[in-house]
There are 2 protein chains.
Amino acid sequence: MNEQKYNAIIADDHAIVRAGLKDALEKPGLIEPDGIKVVAEAGDGLTAIAEIRKHRPHLLLLDVSMPMAGGVEVLVEARRWSRETKVVVLTGVSAVGLVSDLIEAGVDGLFSKASDNTEFYQKLPGILRGQRHISEHFLSILEETPKLPMLTDRERQTLNMILAGRSNKEIAEGLGISIKTVDKHRTSLMQKLNVRSVPQLMARALKEGMIDPSKEL
Amino acid sequence: MNEQKYNAIIADDHAIVRAGLKDALEKPGLIEPDGIKVVAEAGDGLTAIAEIRKHRPHLLLLDVSMPMAGGVEVLVEARRWSRETKVVVLTGVSAVGLVSDLIEAGVDGLFSKASDNTEFYQKLPGILRGQRHISEHFLSILEETPKLPMLTDRERQTLNMILAGRSNKEIAEGLGISIKTVDKHRTSLMQKLNVRSVPQLMARALKEGMIDPSKEL
DNA sequence: CGGAAAATGGGGGATCCACCCCATGCCATT
DNA sequence: AATGGCATGGGGTGGATCCCCCATTTTCCG
């Protein structure tokens, strides 16, 4: 019979990812000597929550982007119904807000889908025994981004107009100030965000999810 | 000994997906009686293209959303350098423009990451032998025709790198062509999209939803 | 085969941008 | 009163861009 010490639930909207994770978990010797039994899978957040209430597993492998309910919601619900379950989140996105939300919600493990799996394999046993591990990648992200609240009013205004595709001259006319002043704000912006061109600035702002379409002049 | 009849390259920005796919491909009896040998993996588009030029494999498993170069771009480049390679695309998104682009570019197989893998496993052998299979899911999507401006291969390639925040010079180096050619593609792009600057181009691409802001570095 | 479209690359010029210098006010906190 | 941050501008330089002109080759399609 199976003498597996731990069981787990996998929640991800991609069947291929679930298959790969299940294979890794259940393979004896890779993570646990006897493997980890996968008792349920879920392709959306609501199913994930239902399965957690039903099985109350030792481990929940969770994707952040899922239909019906995202990573943070499922994490909170998992905590409500199964306090002993260790929740490990795998994410393909590294938006600052999401990462800090997950950590504040008390996630037990946080790994990037893009990075090498060996880190994931190595840390999982410790997490099952009560340790906590956040991938360096996310820690560095959190440290490198107290830059957003450092934006001044004018800089934020300018940034939003840049993201709307307006040129220096158009922004100057829109805000009723000189082109040189806009240039100054833009230069400060780029320094604070550590970029060297407008396209890079836009790409960066998009990646950080700092879009605010509801700003008026 | 391993007498594997086919070899393959896997391109996906998520290591876990690559591991799962590699496992499935190489497992004897699941897809091919002797399994399919995975000769290389790539985590971004440029690496994928380089590996294709190097190995010229029978099969390329390709993700659509990757850093440096997206699915369509890699597909086109794969065709350029290794015409006999069968290209099978796995996608988590089902944007109409993307799907039609892939089909027009001559993709050999198109499957959804979210759907069950059995369809993928069953159809792969036929694709390796010259058949073509587009998942029903995408065919139904194509019924509702969109109308996006017709972009050429190079233009689309250039557009994606512009959206990543790269300059003319960086794009030229990345694609191995002259700055002037990149400039020409960019000019054509802006004419077709009716904009007059890169920021406007990016803003437009945002509005049309032809960009994925939630991408990891 | 022939033509069209795409891709490649170059010259040149007007404009814009990135980034340095500088100064003047206006506020806050100290 | 003073220091510092923010916002406002100007001058100037070098580089990048935008957009014309032009040419060649490759590729695709009827």
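Lettering of chains follows the sequences in order, A, B, ..., and the numbering in each one begins at 1.
With rounding to whole Å, E155(A) atom CD is found 13 Å from dT8(D) atom C1'. Between R166(B) atom CZ and dA16(D) atom C1' the separation is 17 Å, expressed in whole Å. Between the NZ atom of K184(A) and the C1' atom of dG10(D) there is a distance of 13 Å, given to the nearest Å. In this structure, M190(A) places its CE atom 17 Å from P of dG15(D), rounding to the nearest Å. Protein atom CG of L189(B) is 13 Å distant from nucleotide atom C1' of dC18(D), rounded to whole Å. For the pair L175(A) CG and dT8(D) C1', the interatomic distance rounds to 12 Å; values are reported in whole Å. dA7(C) atom C1' lies 11 Å from atom CD of Q157(B), rounded to whole Å. dC16(C) atom P lies 12 Å from atom CD of Q200(B), rounded to whole Å.
Counted by atom type alone, K184(B) and S188(B) present one or more donor-acceptor pairs between their side chains at under 3.5 Å.
Residue contacts shown for D183(A) include a base, since a base heavy atom lies under 4.0 Å away. Within the nucleic acid shown, T181(A) comes within 4.0 Å of at least one base atom, counting heavy atoms only.
With DNA chain C read from its 5' end, the first of the two nearest nucleotides for V195(A) and K169(A) is the one closest to K169(A).
An OP1 or OP2 oxygen of dA6(C) is reached within less than 4.0 angstrom by no side-chain nitrogen or oxygen of R154(B). Distances shorter than 4.0 Å separate some side-chain N or O of N168(B) from OP1 or OP2 on dT17(D).
Comparing dG11(D), dA7(C), dT17(D) against the side chain of R186(B) picks out dT17(D) as the nearest. Distances from the side chain of S197(A) to the nucleotides dA18(C), dG9(C), dA7(C) place dA18(C) closest. Minimum atom distance to the side chain of V198(B) is reached by dT17(D), of the listed dT17(D), dG9(D), dT8(D). In this structure, the nucleotide among dA18(C), dT8(D), dG12(C) sitting nearest to the side chain of K180(B) is dG12(C). Side chain of H185(B), nearest nucleotide from dC19(D), dG9(D), dT8(C): dT8(C).
For residues 168-194 of chain B, there are no ring pair (Phe, Tyr, Trp, His ring centres under 6.0 Å) pairs, not counting sequence neighbours.
In this structure, D63(A) contributes its side chain and A11(A) its backbone to no donor-acceptor pair below 3.5 Å.
You'll find the side chain of Q131(A) stays beyond 4.5 Å of the side chain of K123(A), heavy atoms only.
Salt bridge R18(B)/E26(B): absent, no basic N to carboxylate O contact under 4.0 Å.
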